[in-house]
Amino acid sequence: MRAGSISRAATALGQTQPALSQQLRKLESAVGRPLLHRSPSGVTPTRAGEELLPYAQRILSLCAQALTETGRALTGHCRVGLLEDLAASQLPQALADLARLHPDATLEVLDLSSAAMRQAYDAGSVQLVLDHVLDVPGPPRWTVRRPLVWAVGQGVDVAADPLPVVLFSNPCFWRTSVLETLERADRRWRTAFESNSLVGVLAAVRAGLGVAALMPANLEPAMACHDMDALPTLPDVELGLARHPRTEADPLIDAVETALRRTI
């Protein structure tokens with residue numbers, strides 16, 4: 001689902017597309033319901049797929065953490081700064097699971113503005129920051145690309161001219177890339193709602209005010225756009241992780257970074 005297509009997912013996993021497709025069919029047979037909407041331009045999760053995804057992600061995360069962390073005790077304090085869209089995803093749950101494995105360690109998750117995050121990072125009060133690669137406060141140790149998907153409000157006509165769009169307020173890299181995508185597709189658009197928070201954008205889409213670009217983890221099943229050709233394909237988002245240089249060789253920070261990389 002993260003990759004946006006079975007072929008890209010197979011490449012990322014080091015498998016062939018037919019082998020991965022067969023595994024998906026077996027999983028759908030076991031669940032008893034289709035998990036993906038398939039089209040020539042890619043895949044999107046069905047309602048059953050959306051319901052299964054967080055369980056699957058947590059199972060994989062817990063298995064990886066158990067294999068890595070069992071037998072050693074971690075202590076200390078780690079603050080993690082997350083982009084709001086990531087703070088509302090499965091990442092906090094992965095950190096909570098890690099904290100339960102190591103009760104003597106303290107983990108905090110912060111969602112701050114870019115300026116406040118940079119100040120906290122420079123002061124050493126935040127040890128890890130996972131954000132849009134252009135906003136991370138230090139050189140990224142690693143980066144990852146994730147797709148954006150369209151969220152469609154109930155009753156919204158995706159063929160409307162102009163298209164009603166729910167946007168994040170400036171400054172926002174996603175806003176710029178979404179509008180550029182619509183312009184390249186010769187789709188006229190109008191601003192239906194603006195907010196500087198994910199909560200506001202989701203509320204506007206739920207209310208049926210328009211369409212919005214979201215990360216897949218924040219897409220509610222009722223908002224999924226099942227007609228993949230109705231709207232132009234959105235660009236990927238590049239995320240990066242910055243780690244404060246004074247935390248090198250810290251076992252707790254190592255474990256938290258590993259958990260973030262596995263879960264993102």
Does any non-hydrogen side-chain atom of [Y] lie less than 4.5 Å from one of [X]?
X      : Y      : result
Leu239 : Trp142 : no
Val256 : Val80  : yes
Cys78  : Leu128 : yes
Arg206 : Gln154 : no
Asp236 : Arg146 : no
Arg190 : Val165 : no
Leu107 : Leu252 : yes
Trp189 : Leu179 : yes

* Asked: Can any side-chain N or O of Thr247 pair as donor or acceptor with the backbone N or O of His244 at less than 3.5 Å?
  -> yes
* Does Glu194 reach the main-chain N or O of Thr191 with its side chain, forming a donor-acceptor pair under 3.5 Å? -> no
Would you list the atom pairs, donor with acceptor, under 3.5 Å between side chains in residues 208-219 and any protein atom, with sequence neighbours excluded?
{"from": "Asn218", "atom 1": "ND2", "to": "Asp85", "atom 2": "O", "distance (Å)": "3.3"}

* Might you work through the side-chain hydrogen bond (donor to acceptor under 3.5 Å, both in side chains) test for Glu108 and His77, ending with a clear yes or no? => CA-CA 8 Å; Glu108 293 183 44; His77 192 155; 2.7 Å; yes
Just verifying a value: how many Å separate [X] [atom1] and [Y] [atom2], rounded to the nearest 0.5 Å?
X      : Y      : atom1 : atom2 : value
Gln90  : Ile264 : CD    : CD1   : 7.0 Å
Thr143 : Glu238 : OG1   : CD    : 4.5 Å
Met117 : Leu112 : CE    : CG    : 4.5 Å
Glu84  : Ser113 : CD    : OG    : 12.0 Å
Leu86  : Asp131 : CG    : CG    : 7.5 Å
Leu83  : Asp135 : CG    : CG    : 8.0 Å

* Go through the steps for Phe193 and Val201 under the test side chain to side chain contact (heavy atoms under 4.5 Å, CB included), then give the verdict. => CA-CA 8 Å; Phe193 185 89; Val201 168; 5.6 Å; no
Going only through I, L, V, M, F, W and Y residues with side-chain contacts under 4.5 Å, is there a path from [X] to [Y]?
X      : Y      : result
Leu134 : Val144 : yes
Leu241 : Val133 : yes
Phe168 : Leu202 : yes
Met223 : Leu198 : yes

Exercise: identify the closest heavy-atom pair between [X] and [Y]:
X      : Y      : result
Trp150 : Pro232 : NE1-O, 2.7 Å
Thr233 : Thr181 : O-CG2, 3.4 Å
Val156 : Pro164 : CG1-CG, 4.1 Å
His102 : Leu74  : ND1-N, 3.2 Å
Ser177 : Trp174 : OG-O, 3.0 Å
Pro34  : Thr46  : O-OG1, 2.6 Å

* Sequence neighbours left out, what passes side-chain contact (heavy atoms from CB on, under 4.5 Å) with Ala242? Give chain and number order. => Tyr121, Val136, Pro137
* **All side-chain contact (heavy atoms from CB on, under 4.5 Å) counterparts of Ala222, not counting sequence neighbours** => Arg47
* To do: Check the pair Asp97, Leu101 against side chain to side chain contact (heavy atoms under 4.5 Å, CB included), reporting the backbone distance first and the verdict last.
  => CA-CA 7 Å; Asp97 292 335; Leu101 285 172; over 6 Å; no
* Could you walk me through whether Arg243 and Asp254 pass the salt bridge (charged side-chain N to carboxylate O under 4.0 Å, His left out) test, one step at a time? => CA-CA 10 Å; Arg243 176 169 172 168; Asp254 290 344; 2.7 Å; yes
* Show the numbers, then the answer: is there a side chain to side chain contact (heavy atoms under 4.5 Å, CB included) between Arg79 and Leu110? => CA-CA 7 Å; Arg79 285 194 179 97; Leu110 304 178; 3.9 Å; yes
* **Over 12 non-hydrogen atoms of neighbours within 6.0 angstrom of CD in Glu248** => yes
* Go through the steps for His132 and Val237 under the test side chain to side chain contact (heavy atoms under 4.5 Å, CB included), then give the verdict. => CA-CA 7 Å; His132 188 275; Val237 172; 3.8 Å; yes
